[in-house]
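A quick write-up on the structure given underneath.
Residue numbers run from 1 in the order of the sequence given. Whatever order the structure lists ligands and atoms in, that order sets their numbers, starting from 1.
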Amino acid sequence: MPDLSLNDLDDHVRSVLEEIARLSTIDELVEREPTLLGKRSELQQLQRSLGSLELDERKTAGAAIQEARRTLEDALAKKRAVLAKDERAKALERDRLDLGDVVVTNVVLPLSTGHEGAITLTQRALEDVFVGMGFTVSEGPEVESDWYNFEALNIPPAHPARGLWDTFYVDLGSPETVLLRTHTSPTQVRLMESAVSQNALPIHSVMPGRCYRRDTPDARHLSTFHQIEGLVVDRGITFGDLAGIIETFTKAYFGPAIESRLRPGYFPFTEPSAEFEITCTICGGKGCRTCSQTGWIELGGCGMLDPAVLLAVGIDPDEWGGFAFGFGIDRCAQMRHEIGDLRALIENDARFLRQFS
Ligand code: DAH
């Protein structure tokens, strides 16, 4: 005889339902299923015992057992669905935590963000100084025509002054007509042209940018370098205005201890022309290897606009005059940050770069 009798079928169903409710994992459910409802269950034994009953009794008992089985099957199916859902949620949670670990790894080994380099920072600082003095900032192309880079600046073909600039020519059009600009001075020409066409004189502007020369790099020269050009076109401008701007800039950018001086020089586009020097910041003017014992470092050139340049862009030199200057941004960075060798600026040594973050 089975342990279970038809009389306590309801009690049995209730207690199996409680057991099903207590199952906490799918594994447990799979393990317990045969004894709760399957072949080894009490319900199954009861079913087998029905054969000994009369037909009528068997029918009623069979229906009751069927009913009990459906109830339990239903409860097991629902429990299985709930447990499966729970377990999936737990697995997802574990994966999410794995992801969390990756984030934690990033905190341990932080990915450092980049920052602007010494040249960009220097260019910005120089722009700020000139903007503070009322200048605007303009830019021009790095690939130029011979006309803007040379001819309009009063440097005709075969002029010996072309030897001052060792030029990279671009293989485009007729030979030696397209080039990488050797200085930022062609941007002055472009600016004057557009001011004339827009009737927008006077001009007070600085023009920073990259330039190229066929120079062999050394401690004070790079074949790709940066200049900042300055241009003032106005009425009644004197050499005193130029000297005043240079001196004001020097003090604002390098500090009160640094002096500027102008020495006579030669540039085809200015007359008179001067070379612009500042106290060597490395030795404070006493004389050292960097300044060849002179106490002065040359930053660039300047001068009063040559009437030929004004005429080349259609400006009347009897009404308008002005001055221009151009100097090395890299050289300014070198002086300001005491960089012994300019090549450090392009070598991308992280220890050098990190100093400017
Ligand atoms: N362009 C000259 C150079 O690269 C520097 C220069 C000199 C610019 C005199 C000027 C200037 O505007 O007036 O050597």
Tell me if the aromatic rings of [X] and [Y] count as close, with their centers under 6.0 Å from one another.
X: His337; Y: Phe356; value: yes
X: Phe276; Y: Phe327; value: yes
X: Phe249; Y: Phe135; value: no

Worksheet item: Considering only heavy atoms, does Ala324 approach ligand 1 within less than 4.0 Å through its side chain, its backbone, both, or neither?
Response: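 Both backbone and side chain of Ala324 come within 4.0 Å of ligand 1.
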Worksheet item: Counting only heavy atoms, which portion of Arg181 has something under 4.0 Å from ligand 1: side chain, backbone, both, or neither?
Response: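 It is neither; nothing of Arg181 touches ligand 1.
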Going by the order shown, which atoms of ligand 1 are within less than 4.0 Å of some heavy atom of [X]?
X: His183; value: 1 (N), 2 (C), 4 (O)
X: Arg213; value: 3 (C), 4 (O), 14 (O)
X: Gln227; value: 3 (C), 4 (O)

Whether [X] lies under 4.0 Å from ligand 1, heavy atom:
X: Gly303; value: yes
X: Phe269; value: yes
X: Ser273; value: no

Answer yes or no: is there an ion pair linking [X] with [Y], defined by an N-O contact shorter than 4.0 Å?
X: Glu144; Y: Arg190; result: yes
X: Lys59; Y: Asp56; result: no
X: Asp146; Y: Arg162; result: yes

Practice prompt. Out of Cys302, Ser185, Gly326, indicate the one that has the non-hydrogen atom closest to atom 9 (C) of ligand 1.
Written response: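 Minimum heavy-atom distance to atom 9 (C) of ligand 1 goes to Cys302.
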Worksheet item: Who's the nearest protein heavy-atom neighbour of atom 7 (C) of ligand 1, and how far?
Response: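 It is Gly301 C, 3.4 Å.
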Practice prompt. Among all protein heavy atoms, pick the one closest to atom 10 (C) of ligand 1 and tell me residue, atom and distance.
Written response: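 Going atom by atom, the protein heavy atom closest to atom 10 (C) of ligand 1 ends up being Glu229 OE2, 3.4 Å.
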Fill in: Chi angles and distances behind the side-chain hydrogen bond (donor to acceptor under 3.5 Å, both in side chains) call for Glu247, Ser260
CA-CA 6 Å; Glu247 179 64 9; Ser260 69; 2.5 Å; yes
Item to complete: Establish, yes or no, whether the cationic atom of Arg181 lies under 6.0 Å from the six-membered ring centre of Tyr148 and within 45° of the ring axis.
Response: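 Judged by the rule, Arg181 and Tyr148 form no cation-pi pair.
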